[in-house]
Amino acid sequence: MRIAFFDSGLGGLTVLTAAMKKLPHEDFLFLADTLHVPYGTKAKEDVKAYIHQAMGIIMQEEVKAIVVACNTATSMAISDLRKAYPIPVIGMEPAVKPAVEINRASGKRILVLATPLTLKESKYKDLVRRVDSMHIVDSLPLPELVEHCEALNFDPEIMNAYFTKKFEAFDLNEYGTIVLGCTHYPFYKRILSDLLPDHIRIIDGSEGTVNRLIQVLSDQDLLSSSGSQDVKLLNSSQSAEYTQKMEKALSIYREIEG
């Protein structure tokens, strides 16, 4: 049986890549909800409906766990999904807690980059309230970045101009860590690393999510010792062209990660 990963589009491939590094004997399924990408700029109730439709597609397959590889979808619906489905459902959240721990000694600020919908949700606000006792966490919505990623726009010149404009209101010398709070955003890690001051660390929630997945599978005796890392790619619009784009994006990101 496969481990399913789900996102509105290409972003969750970054989480899948992290899982493939740590789970060499598992087979995977990845569903992109291409009928409704992006989620992060849409109305909450609409997004909830799209998520449940996507889960219906996944549950027609033989899967033993689902990773909601999307911060927006997690913030919208993770509690409902865990109640609705009989298999483990793993969610994501921006890596604010580890960022605070990293920056505690230095006192440097943290900048969370995410979709507008993620940043508006109580789940995110509660997370920051819970862990940010020093009040060092700032947030920056990047609504266009998902669309850049979906278009496979990784041109350094174009994206440097985009990020430079977005960061112009911030004194980056005050920041020690940038949190990539959307699974599409790690595609830009290399570009951001080249653009940002050397002292800024860039982190995302993929590793913590995969560690949680491994713990849950282990606890329920669901880890495989015989799979071959076969990856089945699906999209809700059943587009062969988008499947090719997913294959290309997965290859690009695996090269970024080395």
Atom [atom1] in [X], atom [atom2] in [Y]: separation rounded to 0.5 Å?
X: C182; Y: Y39; atom1: SG; atom2: OH; result: 12.5 Å
X: E61; Y: L31; atom1: CD; atom2: CG; result: 9.0 Å
X: S122; Y: L127; atom1: OG; atom2: CG; result: 11.0 Å
X: Y242; Y: L233; atom1: OH; atom2: CG; result: 10.5 Å
X: C149; Y: Y188; atom1: SG; atom2: OH; result: 5.0 Å
X: E174; Y: L111; atom1: CD; atom2: CG; result: 11.0 Å

Among K125, E121, K120, which residue meets the side-chain contact (heavy atoms from CB on, under 4.5 Å) test with S75?
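Answer to the side-chain contact (heavy atoms from CB on, under 4.5 Å) test with S75 among K125, E121, K120: E121.
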
Among L217, V216, L213, side-chain contact (heavy atoms from CB on, under 4.5 Å) partner for L222:
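Only one of L217, V216, L213 forms a side-chain contact (heavy atoms from CB on, under 4.5 Å) with L222, namely L217.
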
Measure across [X] and [Y] and return the closest heavy-atom pair with its distance rounded to 0.1 Å.
X: K108; Y: N173; value: NZ-O, 2.5 Å
X: C70; Y: M92; value: N-SD, 4.0 Å
X: A73; Y: V68; value: CB-CG1, 3.6 Å
X: R109; Y: D138; value: NE-OD2, 2.8 Å
X: P38; Y: V146; value: CB-CG1, 3.7 Å
X: L195; Y: F163; value: CD2-CB, 3.4 Å

Pairing of [X] and [Y] as salt bridge, 4.0 angstrom limit:
X: D126; Y: R129; value: yes
X: K64; Y: E26; value: yes
X: E207; Y: K21; value: no

Hey, quick one: are [X] and [Y] part of the same hydrophobic cluster, counting side-chain heavy atoms closer than 4.5 Å, chains of contacts allowed?
X: F167; Y: L180; value: yes
X: V63; Y: I3; value: no
X: F170; Y: V179; value: no
X: L234; Y: F28; value: no
X: I90; Y: I58; value: no

More than 12 heavy atoms of other groups within 6.0 Å of [X] [atom1]:
X: R82; atom1: CZ; result: yes
X: Q238; atom1: CD; result: no
X: K42; atom1: NZ; result: yes
X: K248; atom1: NZ; result: no

Can you label the angle between the F154 ring and the F187 ring as parallel, tilted or perpendicular, going by 30° and 60°?
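Geometry flag for F187 against F154: parallel rings.
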
So, does T17 use its side chain to make a donor-acceptor pair with the main chain of R254 at under 3.5 Å?
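Checked: no pair found.
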
Do N71 and T118 pair up side chain to side chain, a donor and an acceptor below 3.5 Å, judged on atom types alone?
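There is no such pair between these side chains.
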
State, without any angle test, whether S228 and D230 hold a side-chain donor-acceptor pair at a distance under 3.5 Å.
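Short answer, no.
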
4.5 Å side-chain heavy-atom contact, [X] and [Y]:
X: I51; Y: F6; value: yes
X: V96; Y: R130; value: no
X: L223; Y: L23; value: yes
X: Y162; Y: L142; value: yes
X: Y50; Y: L35; value: no
X: K166; Y: L145; value: no
X: H184; Y: D7; value: yes
X: H36; Y: S8; value: no

Please assess E62 against K232 for the test salt bridge (charged side-chain N to carboxylate O under 4.0 Å, His left out), listing each intermediate value before the final yes or no.
CA-CA 11 Å; E62 290 192 352; K232 183 175 184 177; over 6 Å; no

